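What you see is a predicted model, and the numbers here were worked out from it, not measured in a lab. Keep in mind that the numbers below use all heavy atoms, side chains included, and drop hydrogens, waters and symmetry copies.
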Amino acid sequence: MVSSSLSGYLVSILPAGVLALVLLLLIPRTQVGVRLAVHILFFVVARDAMSPAGFWALNAGSMRLNGPAPVLLALAGMSAALVVGVAWLERAAREGMAWWRQGAVVSSVLWGVVGAVVISAIAAALKAALALPSLPVPGPALYAPILIFALLGNAYEELLFRGLLQQRLARHMPASRALVVAALLFSLCHAWLAWIVTRVGLPVLVFTLIEGLVAGFVCRRAGLLGATLAHGLAIFALAVGLY
């Protein structure tokens, strides 16, 4: 059952993956913006296909990762491979991008934890104020696979939106404006998921905008490691029902 659900998911995203790879082989490396758009479009397809595959569920007040542990770990491994692959393919575009500031790994980790707390606190306050519903919480046995998936899956997302997109925008506008524009585009890339795939609507866009703004700020202060931890730990808190 596990292998069939995972293989079904992989088959569903295979055409988009092949098309993206062909485009990346054809588009010159100097066309950084166009190449980044291809990466992001494939990410959107791969992420949104998780819903019909049954790997996660969303409602107005919560998100749960429903895949069994082997599936979550396999998806985490795929995400890690994509991080390495995208970083290698776009190595020219990564100029100036840093996972953490020189000699400041601990600082980046701390910024990431603080960022996750801020995202979760804002989201929890909004959920309580609006009396939004919750889905059933997963058992403790899934906590470790959920954490691994949340961190590695969102490392891929953060590489695209903060590591490449925000950095690219910052070359053409003030850094603070680039942060906001990248966060808005990040939220916009969840619109299909919000209204068509899950029909949850506005809460998805609000939550992802909060994520994007906080992760973008953390990335500016502490590098991509901090942004990844802020995003990944916030998703973990949401997925295990901490609020």
Quiz item: F161 and H231: ring pair (Phe, Tyr, Trp, His ring centres under 6.0 Å), yes or no, with the steps?
Solution: CA-CA 12 Å; F161 286 94; H231 190 165; 9.0 Å; no
Quiz item: Considering residues at least two apart in sequence or located in another chain, which fulfil the side-chain contact (heavy atoms from CB on, under 4.5 Å) criterion with T198?
Solution: S51, L58, L193, V200
Quiz prompt | side-chain contact (heavy atoms from CB on, under 4.5 Å) involving V44 - partner list, sequence neighbours excluded | solution = I40, R47, D48, C189
Exercise: identify the closest heavy-atom pair between [X] and [Y]:
X    : Y    : value
A150 : G232 : CB-O, 3.4 Å
S62  : L238 : CA-CD1, 4.0 Å
P138 : I146 : CG-CD1, 4.0 Å
S12  : A49  : OG-CB, 4.1 Å
A230 : V218 : CB-CG2, 4.5 Å
G212 : A183 : C-CB, 3.5 Å

Test item: [X] and [Y] side chains (from C-beta on) under 4.5 Å apart, heavy atoms:
X    : Y    : answer
L160 : L165 : no
F43  : L82  : no
C219 : Q167 : no
N66  : F55  : no
L65  : L142 : no
P136 : R64  : no
S5   : V71  : yes
L233 : L147 : yes

Verify the cluster assignment for [X] and [Y]: are they in a single hydrophobic cluster under the rule of side-chain heavy atoms below 4.5 Å apart?
X    : Y    : result
V197 : L202 : yes
L132 : I122 : no
V204 : I196 : yes
V86  : V18  : no
L21  : L36  : no

Could you tell me whether [X] atom [atom1] has more than 12 heavy atoms of other residues or ligands within 6.0 Å of it?
X    : atom1 : result
W192 : CH2   : no
W56  : CH2   : yes
R177 : CZ    : no
R171 : CZ    : yes

Nearest 0.5 angstrom please: [X] [atom1] to [Y] [atom2], how far?
X    : Y    : atom1 : atom2 : answer
H39  : L164 : NE2   : CG    : 7.5 Å
R220 : L179 : CZ    : CG    : 6.5 Å
L188 : L205 : CG    : CG    : 8.0 Å
T228 : R162 : OG1   : CZ    : 9.0 Å
I13  : M50  : CD1   : CE    : 10.0 Å
L126 : Y243 : CG    : OH    : 9.5 Å

Practice problem: May I have the step-by-step check of side-chain contact (heavy atoms from CB on, under 4.5 Å) for I235 and F149, ending in yes or no? | Solution: CA-CA 10 Å; I235 290 295; F149 172 76; over 6 Å; no
Exercise. Would you check if the side chain of N154 reaches a backbone N or O of E157 as a donor-acceptor pair within less than 3.5 Å?
Key: no
Quiz item: Do side-chain atoms of Y156 reach the backbone of A76 as a donor and acceptor pair under 3.5 angstrom?
Solution: no
Self-check item: side-chain contact (heavy atoms from CB on, under 4.5 Å) between L213 and F217, intermediate numbers included
Solution: CA-CA 6 Å; L213 291 170; F217 179 79; over 6 Å; no
Practice problem: Using only heavy-atom distances, determine whether the side chains of K127 and S134 contain a donor-acceptor pair under 3.5 Å. | Solution: yes
Would you mind writing out the side-chain donor-acceptor pairs for residues 105-117 within the sub-3.5 Å range, not counting sequence neighbours?
| residue | atom | partner | partner atom | Å |
| --- | --- | --- | --- | --- |
| S108 | OG | A222 | O | 2.8 |
| S108 | OG | G226 | N | 2.9 |

Quiz item: Which other residues belong to the hydrophobic cluster containing L135, where Ile, Leu, Val, Met, Phe, Trp and Tyr are joined when side-chain heavy atoms lie under 4.5 Å apart, directly or via other members?
Solution: none
Exercise. Each residue besides V38 in its hydrophobic cluster should be listed here, by chain and number; the cluster joins Ile, Leu, Val, Met, Phe, Trp and Tyr at side-chain heavy-atom distances under 4.5 Å.
Key: L19, L23, L24, I27, V34, W88, L89
Quiz item: Taking E158 as the fixed residue, which of L224, V83, L225 is the one that meets the side-chain contact (heavy atoms from CB on, under 4.5 Å) rule?
Solution: L224
Practice problem: Please lay out, stage by stage, how L6 and L75 fare under the test side-chain contact (heavy atoms from CB on, under 4.5 Å). | Solution: CA-CA 9 Å; L6 186 59; L75 292 172; 4.1 Å; yes
Self-check item: Chi angles and distances behind the side-chain contact (heavy atoms from CB on, under 4.5 Å) call for V206, I210
Solution: CA-CA 6 Å; V206 172; I210 294 166; 4.1 Å; yes
Quiz prompt | Set of residues satisfying ring pair (Phe, Tyr, Trp, His ring centres under 6.0 Å) with respect to F207, sequence neighbours excluded | solution = none
